[in-house]
Amino acid sequence: MRGCRSRGSPDFLFDGSKPKRVSEKMAQEKVRVPDLARMKAGGKPITMLTAYDFPFARIFDNCGVDVLLIGDSLGMAVRGEDTTLAVTIDEVIYHTRAVARARPPWRLVVAEHAVPVVPGESPRCAAQRRRLVKEGGAEAVKLEGGVAIAEAVARIAAVDIPVMGHVG
């Protein structure tokens, strides 16, 4: 797997080219939301995986994953629920905090709580996303939707929280 540390040599990182000391990897630049657009434009692959806890965030970091996503899919993937509807904002904050503690400073942590944004409820939506950043340690939030959530995106971005969209 690209960027994973070798089992037999924990002091080296293997990314498909010449092995590098882990300390060289530590000097890596911080990944921020605008960097993702530059990476895409430059043809650089972007790696993003969903992590729900400290151990998996560490594993994904060792593999060189750029972005760690925490979402309400934890209801199905971790708790065995049939849907994501029962997942609360407090649960997403709890899992985001665990992932944020595990990641080194250069990884981007993105949290999502995909409650439907109802017209007129943008202030509540923005307040919940602020909690993901303040209490959970997320550095950006992910929203799903289109034009209907534009007001919510504007409110969240107005308080300097990067917002990422979901297409598909």
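Here the structure is a predicted model, which means the values were calculated and not measured.
Glu81 has its side chain out of reach of Val87: every pair of non-hydrogen atoms, C-beta onward, lies at least 4.5 Å apart. Inter-residue side-chain proximity for Asp72 and Glu91 is flagged as unmet; no heavy-atom pair is nearer than 4.5 Å. Residues Ile156 and Leu143 meet the side-chain proximity criterion, which asks for heavy atoms closer than 4.5 Å. Side-chain contact between Val31 and Leu36 is present, with at least one heavy-atom pair separated by less than 4.5 Å.
A salt bridge links Asp35 with Arg38: the distance from a Lys NZ or Arg NE/NH1/NH2 to an Asp or Glu carboxylate oxygen falls below 4.0 Å.
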Test Arg129 against Arg155 for side-chain contact (heavy atoms from CB on, under 4.5 Å), laying out the working first.
-> CA-CA 10 Å; Arg129 280 18 181 232; Arg155 282 184 179 269; over 6 Å; no

Which is it for Leu132 and Ile89 under the side-chain contact (heavy atoms from CB on, under 4.5 Å) test, yes or no, and what are the steps along the way?
-> CA-CA 8 Å; Leu132 289 171; Ile89 188 74; 3.8 Å; yes

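Here Ile46 contributes atom CD1 and Leu108 contributes atom CG; the two are 10.5 Å apart, rounded to the nearest 0.5 Å. In this structure, Phe56 CZ and Ile70 CD1 are separated by 14.0 Å, a value rounded to the nearest 0.5 Å. The distance from the CE atom of Met164 to the CE atom of Met48 is 4.5 Å, given to the nearest 0.5 Å. In this structure, NE2 in His95 is found 11.5 Å from CG in Asp90, a value given to the nearest 0.5 Å. For the atom pair Ile161 CD1 and Glu139 CD, the distance stands at 12.0 Å (nearest 0.5 Å). Between the CG atom of Leu69 and the OH atom of Tyr52 there is a distance of 7.5 Å, given to the nearest 0.5 Å.
Pairing each heavy atom of Ala57 with each of Ala102, the nearest pair is CB-CB, 3.5 Å. The shortest non-hydrogen separation linking Thr47 to Gly64 is OG1-O, 3.5 Å. Of all heavy-atom pairs spanning Pro45 and Asp66, the tightest one is O-OD2, 3.8 Å. Considering all non-hydrogen atoms of both residues, Lys142 and Glu112 come closest at NZ-OE2, 3.0 Å.
A donor-acceptor pair is defined here as one N or O able to donate and one able to accept, closer than 3.5 Å; no such pair exists between the side chain of Thr84 and the backbone of Ser73. The closest donor-acceptor contact from the side chain of Arg107 to the backbone of Asp61 lies under 3.5 Å.
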